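Contents: one structure, followed by commentary.
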Amino acid sequence: MMVHDVERTASLIQRLEVQGARNIALSGVKALGDAARKSKAKTLKDFIKELERNADMLSKARVTEPALRNGLEEAVLAARCAGDVRAAKANVAASTKEYAGRLSKAFDRVIDIGVHRIRDGDVILTHCHSSTVTNLLKAAHKQGKRIKVFCTETRPKYQGRITAKELTAAGIPTTMIVDSCARTVMNDVDLVLLGADAFTSDGFLVNKVGTSQIALVAKEARTMLACACETMKFDPLTLAGSWEPIEERSVKEVWDKPPKKLKIFNPAFDLTPPHLLGFVITELGVISPFEVGHILRERQDAVKKRWEQ
Ligand code: RUB
């Protein structure tokens with residue numbers, strides 16, 4: 001059983017060595033596909049059991065990641081629709097490849113569409129590290145738009161440094177601020193642009209903790225707040241009634257030797273309500289967060305149908 005690569009990938013994801021919803025989804029789905037290809041299971045039942053166990057391990061590595069979960073679930077569904085191990089392996093290979101391709105295509109489309117929303121001279125503030133946002137900003141810069149960026153450092157794990165390194169390497173004038181400095185600079189900002197880990201069916205953006213504070217500050221300063229994300233990050237489980245789970249991480253990330261009896265709370269993400277969000281750039285176009293539920297509803301049977309054909 002090829003648990004080794006799956007375990008390793010789950011651990012890289014859990015430790016944030018692979019971070020950001022898109023990278024997490026791509027590497028998780030690939031690990032599941034690789035393990036399925038190398039599986040030594042003799043019966044379809046054993047193969048599916050192994051596949052489910054691997055999918056479960058990967059999705060538990062970070063619980064607030066529908067793009068990962070959706071890709072894993074599609075692969076498991078594809079296997080269940082097969083008649084024997086050979087067909088199941090072929091279905092999983094096709095499903096994981098197709099999902100990665102679909103996610104990458106959607107990503108490219110988000111950049112193509114989103115770049116129109118960046119104007120020459122814009123000052124943009126971003127939080128954490130979203131590969132969708134950084135690539136969108138780099139595309140705008142490449143088009144000759146003279147943008148400037150504020151990026152937060154993003155405590156406690158400093159993913160803002162990844163953003164800062166990437167943008168400065170691309171030649172984009174970038175200023176790092178501590179997370180609590182967002183209000184101080186907000187009046188100089190034209191657009192707050194964020195990535196997403198998840199969207200709930202009722203239009204809440206789930207992104208790096210601190211996003212909702214930035215959204216409130218942007219509202220108070222009348223600064224437009226937007227999100228760039230692929231619709232694979234929309235969470236179908238929320239349509240079925242679940243709350244989006246919010247990952248809680250080790251308190252050691254905040255303070256490795258805290259005083260005894262001190263409680264530390266370290267959630268990785270928070271929820272920003274749709275009324276604070278101006279627009280969402282997706283591969284389907286620029287939409288309102290209030291449309292997320294509608295898109296999820298239209299989509300829910302499509303995958304099942306594909307594999308049952
Ligand atoms: C990363 C984060 C990003 C989204 C979107 O958090 O909040 O905004 O994941 O990223 P973490 P992308 O560092 O905890 O994973 O646009 O790359 O999918």
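Just follow the structure's listing: the first ligand is 1, and inside any ligand the first atom is 1. As the structure is a prediction and not an experimental result, all values here were calculated from the model.
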Margin query: Set out, in order, the CA-CA distance, both residues' side-chain angles and the distance that settles side-chain contact (heavy atoms from CB on, under 4.5 Å) for Glu230 and Thr132, then state yes or no.
Written below: CA-CA 9 Å; Glu230 307 87 337; Thr132 320; 4.0 Å; yes

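- Residue-ligand proximity: Glu230 is placed with every non-hydrogen atom at 4.0 Å or more from ligand 1.
- Minimum interatomic distance between Thr211 and Thr272 (heavy atoms only, all atoms of both residues): CG2-OG1, 3.5 Å.
- Using a 4.0 Å cut-off to heavy atoms of Lys233, the atoms of ligand 1 that qualify are 12 (P), 16 (O), 18 (O).
- Residues Ser59 and Arg69 have side chains that never bring a donor and an acceptor to within less than 3.5 angstrom of each other.
- When hydrogens are left out, the protein atom nearest atom 17 (O) of ligand 1 is Ser131 OG, 2.5 Å; that is the closest non-hydrogen contact.
- Summary of contacts: the protein heavy atom closest to atom 16 (O) of ligand 1 is Thr132 OG1, 2.5 Å.
- Contact between Lys208 and Ala268 at its shortest, heavy atoms only, is NZ-O, 3.2 Å.
- Among all protein heavy atoms, the one lying closest to atom 1 (C) of ligand 1 is Cys128 SG, 3.5 Å.
- Among all protein heavy atoms, the one lying closest to atom 4 (C) of ligand 1 is Asp197 OD2, 3.2 Å.
- Ala196 O, 3.3 Å is the protein heavy atom nearest to atom 5 (C) of ligand 1.
- Judged purely by atom type and a 3.5 angstrom limit, Thr64 uses its side chain to pair as donor or acceptor with the backbone of Pro245.
- No hydrogens or angles considered: a donor-acceptor pair under 3.5 Å links the side chains of Thr231 and Arg299.
- Only the side chain of Gln159 comes within contact range of ligand 1, with a heavy atom under 4.0 Å; no backbone atom does.
- The protein heavy atom nearest to atom 13 (O) of ligand 1 is Gln19 NE2, 2.6 Å.
- For a threshold of 3.5 Å applied to N or O pairs, the pair formed by Ala21 and ligand 1 contains at least one separation below that value.
- Cation-pi geometry between Arg161 and Tyr158 is satisfied (NZ or CZ under 6.0 Å from the ring centre, within 45° of the ring normal).
- Not a single heavy atom of Ala268 sits less than 4.0 Å from an atom of ligand 1.
- Counting the atoms of ligand 1 from 1 in the order shown, those under 4.0 Å from a heavy atom of Lys208 are 6 (O), 7 (O), 11 (P), 14 (O).
- Between Gly20 and ligand 1, a contact under 3.5 Å exists for at least one N or O pair.
- Shortest contact from atom 8 (O) of ligand 1 to any protein heavy atom: Asn207 OD1, 2.7 Å.
- Arg297 pairs by the side chain to side chain contact (heavy atoms under 4.5 Å, CB included) definition with Leu239, His294, Gln300, not counting sequence neighbours.
- Between Ala182 and Ile214, the shortest heavy-atom contact is CB-CG1, 4.2 Å.
- At the shortest separation from atom 11 (P) of ligand 1 among protein heavy atoms lies Arg62 NH1, 3.5 Å.
- In this structure Val292 satisfies the side chain to side chain contact (heavy atoms under 4.5 Å, CB included) test together with Phe199, Phe234, Leu296, sequence neighbours excluded.
- Residue-level proximity to ligand 1 for His127 is absent, since no heavy atom of it falls below 4.0 angstrom.
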